[in-house]
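Order of the sequence lines fixes the chain letters, A, B, ..., with proteins taken first and strands second; residue numbering starts at 1 for each chain.
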There are 4 protein chains.
Amino acid sequence: MARTVNAQARQEKRDLIIQTAVTVFPEHGFSGTTFALLAKKIGISPATILLYFESKEELFRCTVIEPLERFREPFLAFSTYEGTPLEKILAMIDWHVQMVASTSSYLRLVQYVLGQHQRFPQEAEALYHFAEESMNRLTSVIEDGQAAGQLQKLDAREVAWGYICFIQGVGLVNTDEATSPIWDSMRRVGIHMFAPVPVTNP
Amino acid sequence: MARTVNAQARQEKRDLIIQTAVTVFPEHGFSGTTFALLAKKIGISPATILLYFESKEELFRCTVIEPLERFREPFLAFSTYEGTPLEKILAMIDWHVQMVASTSSYLRLVQYVLGQHQRFPQEAEALYHFAEESMNRLTSVIEDGQAAGQLQKLDAREVAWGYICFIQGVGLVNTDEATSPIWDSMRRVGIHMFAPVPVTNP
Amino acid sequence: MARTVNAQARQEKRDLIIQTAVTVFPEHGFSGTTFALLAKKIGISPATILLYFESKEELFRCTVIEPLERFREPFLAFSTYEGTPLEKILAMIDWHVQMVASTSSYLRLVQYVLGQHQRFPQEAEALYHFAEESMNRLTSVIEDGQAAGQLQKLDAREVAWGYICFIQGVGLVNTDEATSPIWDSMRRVGIHMFAPVPVTNP
Amino acid sequence: MARTVNAQARQEKRDLIIQTAVTVFPEHGFSGTTFALLAKKIGISPATILLYFESKEELFRCTVIEPLERFREPFLAFSTYEGTPLEKILAMIDWHVQMVASTSSYLRLVQYVLGQHQRFPQEAEALYHFAEESMNRLTSVIEDGQAAGQLQKLDAREVAWGYICFIQGVGLVNTDEATSPIWDSMRRVGIHMFAPVPVTNP
DNA sequence: TATGAATGAGTTTTCATTCAT
DNA sequence: CATGAATGAAAACTCATTCAT
């Protein structure tokens with residue numbers, strides 16, 4: 001029992017560290033992020049962090065890989081939404097743009113790792129794996145939409161991968177407030193990428 | 001005359017340092033890039049770099065901003081190509097994808113700076129300025145294409161900005177060889193973003 | 001309680017560093033005094049010194065200013081001695097010469113700072129302040145001695161300031177052993193500066 | 001002939017360097033004085049200085065020792081003045097105080113070396129030698145004054161040495177403008193050290 | 001002769017990491 | 001479990017000195 005309590009408390013503090021690291025790493029870079037800075041933000045001692053992670057490298061690895069699990073679900077939730085394929089896609093774009101617009105720290109961390117994939121090959125690998133999974137799921141939905149006549153018949157995989165690149169690019173290039181009209185524009189551009197069949201009024 | 005020789009030699013070595021820094025900074029990050037590492041790659045002493053740049057910060061700034069001038073021309077050349085607006089756009093996409101596929105170091109540096117724009121505000125500002133210039137030029141071409149009936153009438157600015165995000169995202173997410181078929185896919189997706197009017201066979 | 005122990009240990013080590021710095025700075029100068037040298041003399045690592053002082057400048061400032069407090073008391077004790085004004089002055093000279101002859105490191109540090117007052121204005125300011133305080137106290141005693149008929153009526157402030165210059169000069173110019181007869185000479189010269197009324201044998 | 005011209009030009013530039021070094025060394029200390037700083041003040045290149053002095057140490061040595069020759073003459077000129085011994089002494093004090101009050105750079109360099117005599121033993125030795133010579137000459141004048149009944153019969157060597165300490169201390173401790181009344185005070189105190197026989201009005 | 005360019009040795013300073021408490 | 005103290009390794013940067021021109 002005590003063990004359970006301890007283990008839980010330990011896990012919670014571990015999560016707290018990772019949560020802070022997710023915001024700090026992309027802002028200061030790997031080398032620019034010091035244990036002192038992290039510890040100060042958390043309100044603990046630098047040495048304490050090393051009770052939870054063997055080294056800075058391990059902390060970084062965990063900071064990239066572990067939240068991926070929790071990030072995956074909302075990011076990929078579109079494939080289980082209720083509704084037609086086009087509705088799924090519209091909801092997905094809404095959600096993705098919203099994530100990007102709120103400058104999700106984790107998304108910025110993803111960009112940081114991808115941008116330096118040679119430096120962080122292991123972490124980048126995990127992210128590429130996730131990107132491919134996203135593409136696969138999205139491809140299915142697109143194919144469904146094409147079969148249902150909601151989307152024009154472009155190459156579904158190409159469109160899916162292109163969209164994934166696009167949404168990352170949107171996150172990278174835009175720094176506006178969440179309320180900026182830019183996000184609506186990006187939404188519309190995103191929708192267009194899937195080539196929805198124009199609605200005809202009979 | 002001696003002055004000219006000296007000044008020229010000096011400029012050449014300065015350029016060599018920047019050229020090396022362009023490849024090293026995005027690969028190792030700002031803090032991870034040491035004078036020792038740079039100097040070794042160039043084949044000079046670390047102290048020598050300090051003869052050409054006052055500090056690491058200045059070196060970084062120059063590494064981001066100075067090549068931008070030379071980068072600008074080919075990147076924006078599309079607006080002066082011969083041909084119809086659609087031909088300009090197709091050529092531009094070809095060229096951009098080619099740049100991305102050859103993993104232009106400078107493009108990766110751009111991503112690095114944009115991804116940490118809070119950390120490098122001055123450098124990011126210069127890049128945003130460039131992005132806006134690109135968008136403006138591209139917007140003109142799109143409007144021309146729409147007027148000529150080659151492109152469907154989407155919001156030209158939105159499309160232009162969306163494309164710029166997309167091409168950055170393509171560079172960020174893809175790490176394949178230059179010969180990979182992925183680049184052809186990205187080309188096609190890029191073209192679709194501009195909504196070319198389908199050619200009808202009578 | 002643990003706090004007390006820690007704080008005390010910390011203060012003790014801090015004092016040890018300052019104590020060493022008091023001897024090393026005047027011997028090697030500011031720039032010539034390296035953390036490595038100091039650390040070696042103390043038997044710790046150079047980095048450790050930086051745990052107690054933020055920078056070399058701060059260490060120097062503390063090394064000059066903090067011991068001044070402890071130095072002040074014995075240096076100015078003469079004004080509270082028992083005895084006639086002349087006896088006070090004689091005792092003071094005895095004591096001052098003794099301090100100088102034992103080459104008090106702190107006195108040499110004082111000389112170092114005064115000699116480069118433009119370079120160390122803050123530290124020099126503190127020392128000038130102390131010198132003025134010394135002069136004021138000494139002036140009082142001289143005036144008492146003149147009123148008591150023990151000293152001839154010279155300008156008391158002039159004599160006091162002159163003596164302070166003299167005793168500093170004695171410390172600066174003489175490097176002899178503490179046992180050298182030179183110190184007796186300096187004592188006699190010092191006494192003469194106060195113009196004691198000759199004792200007449202009736 | 002050409003040789004003579006060159007040799008003379010060489011000597012002149014050498015003197016210029018030393019002259020600058022005399023002001024810079026006591027202000028910045030030995031380690032704090034860089035070739036770059038000196039060169040900038042002179043208007044030449046740092047490397048040029050090393051054409052005239054083998055090393056920084058040698059430059060310092062020459063900067064201390066060589067001007068001593070030129071400094072000696074005015075400093076010791078009192079012994080050849082016209083007039084009675086007391087007049088000589090009064091003139092000497094005038095002159096010395098004036099030198100000190102004009103913050104003669106060389107005097108400050110002397111203080112710098114004396115204060116760190118352990119660090120600069122060779123240079124300090126030369127200065128001690130000069131101090132002794134000064135004392136000897138001054139002792140003669142004092143003895144003459146005493147024989148002439150102008151000075152009371154104190155130990156002449158003691159008085160001479162005490163005065164030398166005093167004048168150094170005056171230079172060390174005072175930083176006032178040359179026009180400050182402090183210098184008149186110091187003059188009077190200096191005179192008193194020689195114990196002139198009071199002039200009686202019959 | 002004079003100097004700009006280059007650098008190796010050394011300096012301050014930072015920081016991940018260890019360890020005793 | 002948590003942390004303050006300590007430090008070795010390495011960083012940016014400085015500077016006396018050398019050398020080719």
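Here dT11(E) presents its P atom at 16 Å from CG of Leu59(C), a figure rounded to the nearest Å. In this structure, Ile17(B) places its CD1 atom 12 Å from C1' of dA6(E), rounding to the nearest Å. Ile42(A) has its CD1 atom 12 Å from the P atom of dA2(F), to the nearest Å. Between Leu37(C) atom CG and dG10(E) atom C1' the separation is 13 Å, expressed in whole Å. The CZ-C1' distance, from Arg14(D) to dA2(E), rounds to 18 Å in whole Å.
For Ile44(A), taking side-chain heavy atoms from C-beta onward, the closest of the listed nucleotides dA6(F), dT3(F), dA6(E) is dT3(F).
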Under 4.0 Å protein heavy-atom contacts per nucleotide of nucleotides 14-21 of chain F, with B for base, S for backbone only and - for none:
BBSBB---

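Side-chain N/O atoms of Lys13(A) include none lying less than 4.0 angstrom from OP1 or OP2 on dC1(F). At the phosphate of dT3(F), OP1 or OP2 sits under 4.0 Å from a side-chain N or O atom of Thr48(A). Distances shorter than 4.0 Å separate none of the side-chain N or O atoms of Tyr52(B) from OP1 or OP2 on dA5(E). Distances shorter than 4.0 Å separate some side-chain N or O of Arg10(A) from OP1 or OP2 on dC1(F).
Contacts of Leu51(D) with the nucleic acid, taken as non-hydrogen atoms under 4.0 Å apart, include base atoms. Counting any heavy atom pair closer than 4.0 Å across all strands shown, Phe53(B) reaches no nucleic acid atom.
Leu172(A) and Tyr128(B) make their closest contact through O-OH, 4.5 Å (heavy atoms, listed as atom of the first residue, atom of the second, distance). Nearest heavy-atom pair, Pro46(B) versus Ala36(B), reported as atom, atom and distance to 0.1 Å: CG-CA, 4.0 Å. Taking all atoms of both residues into account, the shortest heavy-atom contact from Gln118(A) to Arg108(B) is OE1-NH1, 3.7 Å.
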Under a 3.5 Å cutoff on both atom distances, Watson-Crick or G-U, what's the dot-bracket for DNA chain E ([ ] crossing, | other strand)?
.||||||||||||||||||||

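Taking 4.5 Å as the limit, every side-chain heavy atom of Gln116(A) sits out of range of all side-chain heavy atoms of Phe30(A).
Below 30°, between 30° and 60°, or above 60°: for Tyr112(B) and Tyr112(A) the angle between ring planes is between 30° and 60°, a tilted geometry.
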